[in-house]
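The chains referred to below are lettered A, B, ... by the order of the sequence lines, with proteins before strands, and numbering in each begins at 1. Computed from a predicted model, the values in this text were never measured in an experiment.
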Amino acid sequence: MVALLEQALQRARDAGDLPITHLPEISVEPPRVKEFGDFASNVAMLLTREMRRPPREIADLIVKHLPEDALVSKVEVAGNGFINFTLHPDWLHEVVRDIQTKGDAYGRWDVGKGERVNVEFVSANPNGPITVAHGRGGAIGDVLANLLEAVGYQVTREFYVNDATNSLQMQHFARSLVVRYRQLLGEDIGLPEDGYAGEYLVDIARELLEREGAHLAEGDETEVLNRFRNYAEEAMKRQQQADLADFGVVFDVWFSENSLHTSGQVDAAIRELKERGHAYEHDGAVWLRSTVFGDDKDRVLVRNNGQPTYIAADAAYHRNKFERGFDYLIDIWGPDHHGYIARTRAAVAALGYPAENFEVLIYQIVRLFKGGDLVRMSKRAGNVVTLRDVLDEVGKDAARFFFLMRSHESPLDFDLELAKKESSENPVYYVQYAHARICSMLRVAGEQGWTVPAARETDLSVLREEAELVLMKKLDELPEEVLVAATERAPHRLTRYSMEVADAFHKFYDTCRVVGEEAPLTRARLVLVDATRLVLKNVLTLLGVSAPERM
RNA sequence: GCGCCCGUAGCUCAAUGGAUAGAGCAUCAGACUUCGGAUCUGAGGGUUGGGGGUUCGAGUCCCUCCGGGCGCGCCA
């Protein structure tokens, strides 16, 4: 289609009808309203400025020079200048053949050309369980990673563990665990003021007591704290990994912040920033000259007490990622971190890396409701709603689908009381049902001696019912949807698309029988139904949602 | 005060700068002798928060105002 238009523009220009200096970029898309045809192009509108003529006239000129093509059955110019193409139904039959040929690979691209992308997400602190908010980041990151793989990138999923030894949070965390441990031993003591009240610390303390005995809290205080902190971190990480795994999210790399400090990479990064002239000393501290790179103000890298800040570790961390050979870095952060984009980007640029290859995706908050009341969550107060709670309540498939139904930049309301009720009406079942229904149909067909025939040897021209055409057009959209979802960083588009495919299929099912028709029609429809199954399976796989054969 | 995000149907949301702004839920009315009724058909519902601008064309981009959320540390 694009090629046809290019030829037309070329010919029109050569004929002197289109006195333009260079050809515009041609885009062709399916129109929203099906009466306008199968594909539409807006090239004529793009030329109005240069041509100083109404779009309609320009469109007529272009169409006049349009070459013939066997698949194009009708070309019309709309009043507003759109060029509308109606195709011969055969092109849809080619789509169905293409799906069967490509199978699992249908919808995949090679635009990434194997370039390496690091997607860092969740990165919850090791002082508490994975929460629902992390769950949203987990779903977005995991599916974005799937999408990038599908369009040809080599993707690493990475979790950054904020296990820096000197972090105040981790000190409080360790102290709280010591208190819980001693409480189990019968001591009547309370949590420290900045302590963590969550029940999960009691569980860890109990586990610690059972495994390591009752003498762990004795001895030098610093050593005791270190011992407890290490154990708590390890236990927390194990739990986080297990929860995420049950959510379908598995990381390739768990990267320790502390390792950056102990290996000297933080110092090295600071040194390099100084050498490059982007760091300076002031008031006894070392500052990053981030304002040069667009930040509001300069940021402290090393405090006047000699301790490096979080941003210093982050500079080292992103340097480390680039040095590991990644071409692109994508960080997925919660909304409370948006203020850190500018300084992190500044650090990346100051270290000499291409800032345009470093991207931060901010997803908006998850607001929790219980029976319509907003729940304020606080890790220290211990009233977090965990990802595990949600998984127990609605299951992996519904949870992932729910998190991905909204754009990442839109806030998400999650009502726990409604979660279960909603789960029976959750759109995920609508999509999964379509898949299960197809599998059931194929089973029934199999019992009657039918198998899905090879599309190449099947006459698909009998597929001309309206519902069949709509379904085939929808199946045709998968590759484009995958590409757009990947490049726009919009995994939520897949949930919508999956619902549209299911919708088109259910409507087809309602009007067209498969088994029981004349044999040629049954064969053609078996091919179509099986192609639908493949598309549903592929899109659900990208979403990390199971495609059940029975429900 | 500054920054980021949001404001679209009763509710929750969607819409690579394109044509008549779409789904789900909810409400109301219908459809199976047959491949899975977790389905399908239909109806009502909208000044896309207000105002300006850019554009052939704006829910989308720019400015401004209003409303809401979040963040603005030598914490992580």
Side-chain angles (χ1 to χ4, degrees), chain A residues 27 29 31-33 35-36 40-42 44-49 53-56 58 78-82 84 125 127 162 164 166-170 257 283-287 296-297 299-305 307-311 313-314 334-342 362-365 367 405-413 415 418 422 424-434 436-445 447-448 450 480 483-485 487-488 490 492-493 495-496 499-500 502-503 505-507 509-517 522 525 529 550-551:
Chain A
S27 86
E29 57 190 25
R32 282 192 190 166
V33 184
E35 282 73 27
F36 293 137
S41 179
N42 63 349
M45 285 94 127
L46 299 178
L47 294 171
T48 47
R49 183 185 283 267
R53 305 273 285 282
R56 164 107 216 199
I58 302 170
N80 55 11
F82 269 105
N84 294 329
N125 288 344
N127 56 11
N162 296 125
N166 293 309
S167 130
L168 272 177
Q169 284 186 20
M170 292 312 291
E257 177 190 358
D283 285 347
V286 179
W287 296 71
D296 314 348
K297 51 183 189 180
R299 307 290 171 178
V300 170
L301 287 168
V302 184
R303 304 180 184 100
N304 57 18
N305 67 3
Q307 291 292 339
T309 61
Y310 183 79
I311 185 68
D314 238 17
D336 48 338
H337 284 75
H338 80 258
Y340 295 80
I341 297 175
I362 297 287
Y363 62 88
Q364 292 303 310
I365 50 164
R367 290 196 306 168
M405 276 174 38
R406 286 145 182 74
S407 154
H408 65 85
E409 55 195 12
S410 175
L412 173 71
D413 286 349
D415 193 317
L418 285 177
E422 278 186 0
S424 62
E425 299 153 1
N426 194 305
V428 68
Y429 294 106
Y430 181 75
V431 179
Q432 290 182 316
Y433 178 66
R437 197 179 215 186
I438 290 172
C439 291
S440 170
M441 289 169 78
L442 295 177
R443 277 194 300 271
V444 170
E447 285 161 13
Q448 299 185 21
W450 293 101
E480 182 70 15
L483 187 62
V484 172
T487 54
E488 301 289 319
H492 72 281
R493 294 183 64 111
T495 54
R496 182 156 293 267
M499 287 187 274
E500 289 169 0
D503 181 59
F505 171 73
H506 287 310
K507 286 180 167 71
Y509 178 87
D510 202 54
T511 51
C512 302
R513 283 199 58 82
V514 177
V515 177
E517 294 286 353
T522 292
R525 284 182 175 164
V529 163
R550 289 187 167 83
M551 292 172 68

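- Here A:F36 counts as stacked on B:A19: its ring centre is under 5.5 angstrom from the base ring centre and the planes meet at under 30°.
- When heavy atoms are screened at a 4.0 angstrom cut-off, A:P411 is found touching the sugar-phosphate backbone but no base atom.
- Residue A:R303 has a polar side-chain atom (N or O) positioned under 4.0 Å from OP1 or OP2 of B:C75.
- Among B:C74, B:G36, B:C13, the nucleotide with an atom closest to any side-chain atom of A:S440 is B:G36.
- Contact between the side-chain N/O atoms of A:H492 and the OP1/OP2 oxygens of B:A15 is found at a separation under 4.0 Å.
- For A:Y340, the ring pair (Phe, Tyr, Trp, His ring centres under 6.0 Å) partners are A:H337, not counting sequence neighbours.
- Between A:S410 and the phosphate of B:A14, there is a side-chain N or O to OP1/OP2 separation shorter than 4.0 Å.
- Here A:D413 pairs with A:R367, A:F369 under the side chain to side chain contact (heavy atoms under 4.5 Å, CB included) rule; sequence neighbours left out.
- Between A:Y433 atom OH and B:C35 atom P there is a gap of 10 Å when expressed in whole angstrom units.
- When rounded to the nearest whole Å, the span between NE2 of A:H338 and C1' of B:G3 equals 5 Å.
- For A:K507, no side-chain nitrogen or oxygen approaches OP1 or OP2 of B:U39 to under 4.0 Å.
- Heavy atoms of A:A434 sit nowhere under 4.0 angstrom from any nucleic acid atom.
- If you check every strand for non-hydrogen atoms under 4.0 Å, A:A313 touches nothing.
- Residue A:D283 is in base contact, counting any heavy-atom pair closer than 4.0 Å across all strands shown.
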Give me, pair by pair, the N or O atoms of the protein and of nucleotides 32-34 of chain B that are less than 3.5 Å apart, along with how far apart they are.
residue: B:U34; atom: O2; partner: A:R513; partner atom: NH1; Å: 3.1

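- Across all strands shown, A:R299 has no heavy atoms under 4.0 Å from either base or sugar-phosphate atoms.
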Review item, nucleotides 57-61 of chain B N/O atoms under 3.5 Å of protein N/O:
none

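- Look at CG on A:L442: it is 10 Å from C1' on B:C35, rounded to the nearest Å.
- For A:Y430, the ring pair (Phe, Tyr, Trp, His ring centres under 6.0 Å) partners at least two apart in sequence or on another chain are A:H506.
- Across all strands, A:S407 comes closer than 4.0 Å only to sugar-phosphate atoms, never to a base (heavy-atom distances).
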**Prompt:** In dot-bracket form, how is RNA chain B paired, counting a Watson-Crick or G-U wobble pair only if both its distances are under 3.5 Å and using | for bases paired to another strand?
**Reply:** (((((((..((((....[...)))).(((((.......))))).....(((((..]....))))))))))))....
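- For the pair A:Y430 and B:C40, the criterion of a side-chain N or O lying under 4.0 Å from OP1 or OP2 is met.
- The separation between A:I341 atom CD1 and B:C70 atom C1' is 13 Å, rounded to whole Å.
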